Student: 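My questions will all concern the structure given below.
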Amino acid sequence: MLVLCDGRFPAGGHAHSGGVEAAVKAGRVRDADDLAAFCRGRLHTTGLTAAGLAAAAALGHDPVVLDAAADARTPSPALRATSRKLGRQLMRAARAAWPAPGLDALAAAFPRGAHQPVVLGSAARAAGLGPEDAAHCAAYEAVGGAATAAVRLLSLDPFRATAVLARLAPEMDQVAAAAAAAARRGVDDLPAASAPLLDIWAEQHAAWPVRLFAS
């Protein structure tokens with residue numbers, strides 16, 4: 001789990017801000033307090049949804065069905081494209097680290113990339129991890145990348161950004177537990193929490209001629 005969550009794992013996440021770049025430009029994130037509020041909102045919406053999908057994939061639910069569920073939960077075309085690109089990059093790294101027939105089958109079914117949370121959960125399963133582990137990875141990714149991006153975008157003190165993540169740890173645990181419990185009930189019970197402003201910002205960000213992050 002530590003390897004899968006490591007920011008140095010070559011899955012491409014470092015090139016994406018999780019919506020922070022657009023939030024900074026909109027004046028919604030200006031300091032560590034704003035970042036904490038942004039990350040908390042992201043964790044309990046898109047983070048919860050991603051954690052549920054990852055936990056379900058780790059449990060062995062049909063990844064094709066889960067990919068369709070992820071598509072339905074991602075209304076923004078820009079975010080759908082980003083999720084599939086990140087899924088494709090994560091798949092390459094996961095197949096090198098934890099070769100498994102399940103990953104090979106998923107890669108063959110989605111040559112242009114399955115959604116990132118589905119690949120994340122499938123990679124966790126290949127690595128011998130359980131649904132709670134996969135959900136924790138997804139929950140951490142939902143806020144970790146945003147905090148790192150804020151450091152670069154705002155010249156934010158990295159110690160304060162790390163403190164934001166540390167203080168969110170109990171909520172990450174709660175989100176991961178809720179996501180894993182939902183995954184055990186079945187695909188129809190997976191979370192579908194949304195953050196419409198993140199969707200709007202993603203579409204605006206995709207049209208920017210100059211940007212620091214890919215999304």
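Computed from a predicted model, the values in this text were never measured in an experiment. Computed from heavy atoms alone, side chains included, the values below leave out hydrogens, waters and symmetry copies.
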Student: Can you give me the closest heavy-atom contact between Ala54 and Leu120, atom names plus distance?
Tutor: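 Smallest interatomic distance, heavy atoms only, reads CB-CD2, 4.2 Å.
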Student: Do you know which two heavy atoms are closest between His44 and Ala193, and how far apart they sit?
Tutor: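 Closest approach of His44 to Ala193: O-CB, 3.8 Å.
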Student: Which atom names give the shortest non-hydrogen contact between Val175 and Ala139, and what distance separates them?
Tutor: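 Taking Val175 first and Ala139 second, the nearest heavy atoms are CG1-CB, 4.3 Å.
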Student: With distance as the sole criterion, is a donor-acceptor pair present between the side chains of Ser83 and Gln116 under 3.5 Å?
Tutor: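 There is no such pair between these side chains.
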Student: Taking the side chain as C-beta and beyond, is there a heavy-atom pair between Leu43 and Leu48 under 4.5 Å?
Tutor: no
Student: Determine whether a donor-acceptor pair (N or O, by modelled atom type, separation under 3.5 Å) exists between the side chain of His61 and the backbone of Ala57.
Tutor: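 Not confirmed, His61 side chain does not pair with Ala57 backbone.
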Student: Taking all heavy atoms of Pro99 and all of Ala96, pick out the closest pair and write down the distance.
Tutor: CD-O, 4.1 Å
Student: Around Asp6, counting heavy atoms of other residues, nucleotides and ligands shown, do more than 12 lie under 6.0 Å from its CG?
Tutor: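 Check passes, neighbour count above 12.
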Student: Check this for me: does any side-chain nitrogen of one of Arg84 and Asp67 sit under 4.0 Å from a carboxylate oxygen of the other?
Tutor: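 Looking at Asp67 together with Arg84, the answer is yes, because their closest N to O distance falls below 4.0 Å.
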Student: Looking at Glu132 and Arg184, is there a salt bridge between them, counting it only when a charged N and a carboxylate O are closer than 4.0 Å?
Tutor: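 Looking at Arg184 and Glu132, the cut-off is met.
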Student: Give the intermediate values and the outcome of side chain to side chain contact (heavy atoms under 4.5 Å, CB included) for residues Leu66 and His115.
Tutor: CA-CA 9 Å; Leu66 291 176; His115 279 288; over 6 Å; no
Student: Are Arg40 and Glu171 close enough for a salt bridge, meaning some N to O gap below 4.0 Å?
Tutor: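 Looking at Arg40 and Glu171, the cut-off is met.
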Student: So Trp98 and Val3, side chain to side chain contact (heavy atoms under 4.5 Å, CB included) or not? Walk me through it.
Tutor: CA-CA 11 Å; Trp98 304 288; Val3 172; 4.1 Å; yes
Student: Might you point out which heavy atoms bring Ala108 and Pro111 nearest each other, and give the distance in Å?
Tutor: O-CD, 3.5 Å
Student: With a cut-off of 6.0 Å (strictly less than), are more than 12 heavy atoms of other residues, nucleotides or ligands near CZ of Arg95?
Tutor: yes
Student: Return yes when atom CZ of Arg167 has more than 12 non-hydrogen atoms of other residues, nucleotides or ligands closer than 6.0 Å, and no otherwise.
Tutor: no
Student: Does Leu90 reach the side chain of Phe9, with side-chain heavy atoms less than 4.5 Å apart?
Tutor: yes
Student: Short question: side chain of Thr49, backbone of Thr45 - any donor-acceptor pair under 3.5 Å?
Tutor: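 Checking the backbone N and O of Thr45 against the side chain of Thr49, a donor-acceptor pair under 3.5 Å is found.
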Student: Mark yes or no for whether Asp133, through its side chain, and Leu129, through its backbone, hold a donor-acceptor pair below 3.5 Å.
Tutor: no
Student: Quick check: does any side chain N or O of Arg42 sit under 3.5 Å from a backbone N or O of Ala142, one acting as donor and the other as acceptor?
Tutor: yes
Student: Is the distance between the ring centroids of Trp201 and Phe213 under 6.0 Å?
Tutor: no
Student: Taking the side chain as every heavy atom from C-beta outward, state whether Ser194 and Thr46 have any atom pair closer than 4.5 Å.
Tutor: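 Side chain of Ser194 against side chain of Thr46, heavy atoms only: no contact under 4.5 Å found.
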Student: Heavy-atom count around Arg92 CZ within 6.0 Å, excluding the residue itself: above 12?
Tutor: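 No - once you tally the heavy atoms of other residues, nucleotides and ligands closer than 6.0 Å, there are 12 at most.
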Student: Does Phe38 reach the side chain of Val143, with side-chain heavy atoms less than 4.5 Å apart?
Tutor: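 Result no, sub-4.5 Å side-chain heavy-atom pair not found.
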Student: If you apply the rule side chain to side chain contact (heavy atoms under 4.5 Å, CB included), what do you find for Arg160 with Asp33, and how did you get there?
Tutor: CA-CA 9 Å; Arg160 297 197 68 191; Asp33 291 337; 4.3 Å; yes
Student: Does atom CZ of Arg112 have more than 12 heavy-atom neighbours, drawn from other residues, nucleotides or ligands, at distances under 6.0 Å?
Tutor: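 It does not: Arg112 CZ has 12 such atoms or fewer within range.
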Student: I'd like to know if Leu156 and Val29 are part of one continuous hydrophobic network [Ile/Leu/Val/Met/Phe/Trp/Tyr, side-chain heavy atoms within less than 4.5 Å].
Tutor: yes
Student: Is there a side-chain contact between Val187 and Leu190 (heavy atoms, below 4.5 Å)?
Tutor: yes
Student: Start with the C-alpha gap between Thr82 and Lys85, add the side-chain angles, then the distance that decides, and say whether side chain to side chain contact (heavy atoms under 4.5 Å, CB included) holds.
Tutor: CA-CA 5 Å; Thr82 294; Lys85 181 178 181 180; 5.7 Å; no
Student: Could you tell me which non-hydrogen atom of Ala179 sits nearest to which non-hydrogen atom of Gly52, and how far apart they are?
Tutor: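 In terms of heavy atoms, the two residues are closest at CB-N, 3.4 Å.
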